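Source: prediction; values computed, not measured.
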Amino acid sequence: GISTRIEQRLSDGKVLENWIPFVRGGGFGVIGSIQPADGGGLRTEFKFQSATLDIGKWGTYNFPPLGEGWFDTVYLDEELRIDVNSRNDILICRGE
């Protein structure tokens, strides 16, 4: 495949960054805003604001962001969490 992992960072409780590093260098990333859904609970809403494709020697390109939705998170322990999102994906995530 072109990638073996996806990296996600949540910072300041307001910024979501997803990065997919390519095996041969470069990668694809999106940055967006996050906020708790109305009513609190486990749901977090997100909206992407920028997208970047880095294809190494062929350059880096910015694209209009596509995507907004939500994810529900259940923390299993200090390292593991399960997310279910607005696309009906189930993700098992490990912190590093």
Any link between [X] and [Y] through a network of hydrophobic side chains (Ile, Leu, Val, Met, Phe, Trp, Tyr) touching at under 4.5 Å?
X: L42; Y: Y75; value: no
X: W19; Y: L16; value: no
X: L53; Y: L66; value: no
X: I20; Y: I31; value: no

Query raised in the report: Quick one: do E7 and R5 make a salt bridge, cutoff under 4.0 Å?
Result: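 So E7 pairs with R5 through a salt bridge.
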Query raised in the report: Is the backbone N or O of R87 less than 3.5 Å from a side-chain atom of N85, with the two atoms forming a donor-acceptor pair by type?
Result: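 Yes; judged by distance alone, with no hydrogens or angles, the pair exists.
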Report task. May I ask you to decide if P21's main-chain N or O and S3's side chain share a donor-acceptor pair within less than 3.5 Å? Result ->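 Checked: pair present.
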If I take atom [atom1] from residue [X] and atom [atom2] from residue [Y], how far apart are they, to the nearest 0.5 angstrom?
X: Q8; Y: L91; atom1: CD; atom2: CG; value: 8.0 Å
X: E17; Y: S11; atom1: CD; atom2: OG; value: 5.0 Å
X: R9; Y: N18; atom1: CZ; atom2: CG; value: 10.5 Å

Report task. State whether the number of non-hydrogen atoms from other residues, nucleotides or ligands found under 6.0 Å of L76 atom CG is greater than 12. Result ->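 Count over threshold, so yes.
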Report task. Please indicate whether E78 has more than 12 foreign heavy atoms, meaning atoms of other residues, nucleotides or ligands, lying under 6.0 Å from its CD. Result ->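 Check fails, neighbour count at 12 or below.
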**Report entry** Partners passing ring pair (Phe, Tyr, Trp, His ring centres under 6.0 Å) against F46 (at least two apart in sequence or in another chain)
**Finding:**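 With sequence neighbours excluded, F46 shows a ring pair (Phe, Tyr, Trp, His ring centres under 6.0 Å) to F48, given in chain and number order.
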Search all heavy atoms of [X] against all heavy atoms of [Y] and return the closest pair with its distance.
X: E68; Y: S86; answer: O-OG, 4.5 Å
X: L10; Y: I34; answer: CD2-CD1, 3.9 Å
X: D77; Y: L80; answer: OD1-N, 2.7 Å
X: P65; Y: A51; answer: CA-CB, 4.4 Å

Query - Non-hydrogen side-chain atoms of I6 and F28 separated by less than 4.5 Å - result: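 A side-chain contact under 4.5 Å is absent here.
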**Report entry** Pairs flagged by side chain to side chain donor-acceptor pair (under 3.5 Å) wherever residues 52-63 is involved - sequence neighbours left out
**Finding:**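 Sorted result for residues 52-63: T52-N62.
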